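Within every chain, numbering begins at 1; the chains are lettered A, B, ... in the order of the sequence lines, protein sequences first and strands thereafter. Bear in mind the structure is a predicted one, so any value in this text is a computation, not a measurement.
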Protein chains: 2
Amino acid sequence: MDKRAKILAAALKLLVEQGFHSTPTSAIAKAAGVANGTLFHYFKTKDELILGLYADIKKDSLRKILQGIEGQQSVKAKVKTIWYNSINWSITEKEKHNFKQQFMHSPYATQLSQEDLEEELKLFSDMIKEGIEKKILKDIPIDLIYHITHYQMLAIVSYLNLNPHLIEDADFYELAFELFWDNIKRV
Amino acid sequence: MDKRAKILAAALKLLVEQGFHSTPTSAIAKAAGVANGTLFHYFKTKDELILGLYADIKKDSLRKILQGIEGQQSVKAKVKTIWYNSINWSITEKEKHNFKQQFMHSPYATQLSQEDLEEELKLFSDMIKEGIEKKILKDIPIDLIYHITHYQMLAIVSYLNLNPHLIEDADFYELAFELFWDNIKRV
DNA sequence: ACTTTTGTAGAGTGATTAGTCGGTCAGTAT
DNA sequence: ATACTGACCGACTAATCACTCTACAAAAGT
């Protein structure tokens with residue numbers, strides 16, 4: 001019933017399929033089952049819709065990625081949970097993942113604020129700092145660890161999308177996580 | 001004088017700046033200093049221009065990345081050269097790198113053939129196979145190694161773009177390469 | 001010399017697009 | 001009851017876009 005949500009859902013689907021600029025707002029409105037004017041009632045411009053969709057998706061992603069994290073866990077346990085959650089989100093929310101990727105690599109990304117770009121890093125930097133101080137993680141810059149981590153997860157997601165039969169394979173996740181952990185843990 | 005090249009150069013610049021669909025062909029022609037009709041003389045459609053630009057950039061990238069590779073080198077030496085070449089290309093040809101990334105994450109990527117997607121993997125798979133057989137690289141699927149490698153390089157490129165003072169820092173490259181090599185070498 | 005091909009120009013066209021506008025209608029406060 | 005608010009509609013518009021067309025000049029082939 002919530003038309004705003006319907007518009008966002010239709011926008012997600014069509015924008016991923018057809019790209020940002022070759023998806024007319026009229027098509028989004030039609031797919032959402034609302035009138036053209038209604039779309040512009042909720043979003044002043046098409047750009048505002050796209051930016052709003054990105055913000056929504058990012059919020060959803062962060063919420064799901066942090067699930068099950070508690071302060072008293074070991075660094076490795078926390079990292080493992082985040083790693084699993086991240087990959088799981090990207091696989092189950094494939095459209096959202098693709099939108100995020102498309103958005104981040106498009107000129108829209110330049111519209112994001114510095115804070116917006118650093119939000120995820122800041123969320124994890126305490127944990128990484130803790131890992132370095134406890135001599136569990138390698139003593140390299142925090143944001144370098146974050147970058148490597150982030151892209152390693154993207155690699156696994158991309159690999160899983162090319163080899164979908166592995167999505168249900170718990171052994172593969174074990175292998176991939178250990179591979180990942182070996183890369184950032186202190187030797 | 002070569003107008004085709006001028007059109008491609010102008011297209012690269014504008015498409016990266018403004019995105020695929022919000023860059024009019026008329027703007028590309030204008031920036032290239034040619035008439036509208038000339039653009040369509042060289043490229044039947046706008047899509048053909050974009051696809052052609054991608055093909056050009058990919059060729060340039062592969063050529064530069066393979067420079068200095070010889071069969072008799074050790075696996076580590078070859079990997080190191082490719083790693084340096086790749087990162088160097090992405091940093092010096094920033095616009096081309098950005099175009100490639102934007103293209104690969106846009107719906108245009110679905111127009112690529114299977115071969116096109118696997119070309120780079122195939123170029124490296126013999127080397128990776130050699131590394132696994134000689135027990136230098138981890139015994140995990142070749143395409144998984146390739147994926148991890150590829151994304152690790154993207155991570156470094158992204159990190160360097162955020163920390164441009166490191167671009168001239170040879171020590172950083174050493175650190176980053178060893179980090180990378182530790183991840184794929186057999187322990 | 002002549003014919004054909006190729007490169008170049010730029011005005012023109014039909015389709016499409018983001019966004020507007022005037023208005024209906026249901027709900028809610030007064 | 002009355003006034004007000006905001007959701008919602010869809011026809012409309014001004015602008016823009018990809019691409020075409022006609023024309024012409026330079027080169028290349030014969």
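As rounded to whole Å, 13 Å separates atom C1' of dG10(D) from atom CG of Leu39(A). The CD1-C1' distance, from Ile28(B) to dC19(D), rounds to 13 Å in whole Å. We find that NZ of Lys46(B) is positioned 17 Å from C1' of dT20(D), with the value rounded to whole Å. What separates NZ of Lys30(B) from C1' of dT8(C) is a distance of 18 Å, to the nearest Å. Counting to the nearest Å, the P atom of dC19(D) and the NE2 atom of His21(B) are 11 Å from each other. Remark: P of dG7(C) and CD1 of Ile7(B) are 11 Å apart, rounded to the nearest angstrom. Counting to the nearest Å, the C1' atom of dT6(C) and the CZ atom of Arg4(B) are 15 Å from each other. Residue His41(B) contributes atom NE2, which lies 14 Å from atom P of dT5(C) at whole-angstrom precision.
At dA9(C), one or more side-chain N or O atoms of Thr38(B) fall inside 4.0 Å of OP1 or OP2 (strictly under the cut-off). Close to dA18(C), at under 4.0 Å from its OP1 or OP2, lies a side-chain N or O of Thr25(A). The shortest distance between the side-chain N/O atoms of Lys44(A) and the OP1/OP2 oxygens of dA18(C) is not below 4.0 Å. Taking only side-chain nitrogens and oxygens, Lys3(B) comes nearer than 4.0 Å to OP1 or OP2 of dA9(C). The side chain of Tyr42(A) contributes no N or O atom lying less than 4.0 Å from OP1 or OP2 of dG6(D).
Counting all heavy atoms, side chain and backbone alike, Ile184(A) lies closest to Thr149(A) at CG2-OG1, 4.4 Å.
At a cut-off of 3.5 Å, with distance as the only test, no side-chain donor of Tyr108(B) or Gln102(B) sits close to an acceptor on the other residue.
Taking 4.0 Å as the cut-off between side-chain N and carboxylate O, Asp56(B) and Lys59(B) do not count as a salt-bridged pair. Salt bridge annotation for Lys6(B)-Asp2(B): absent, with no cationic side-chain nitrogen under 4.0 angstrom from a carboxylate oxygen. A salt bridge is defined here as a Lys NZ or Arg NE, NH1 or NH2 lying under 4.0 Å from an Asp or Glu carboxylate O, and Lys58(A) with Glu120(A) fails to meet this definition.
Contacts of Thr23(B) with the nucleic acid, taken as non-hydrogen atoms under 4.0 Å apart, involve only primed sugar atoms and P, OP1 or OP2.
If you check dC9(D), dC19(D), dA9(C) against the side chain of Val34(B), the one that comes closest is dA9(C). Comparing dT20(D), dA9(C), dC17(D) against the side chain of Phe40(B) picks out dT20(D) as the nearest. Ranking dG19(C), dA18(C), dG7(C) by closeness to the Asn36(A) side chain, first place goes to dG19(C).
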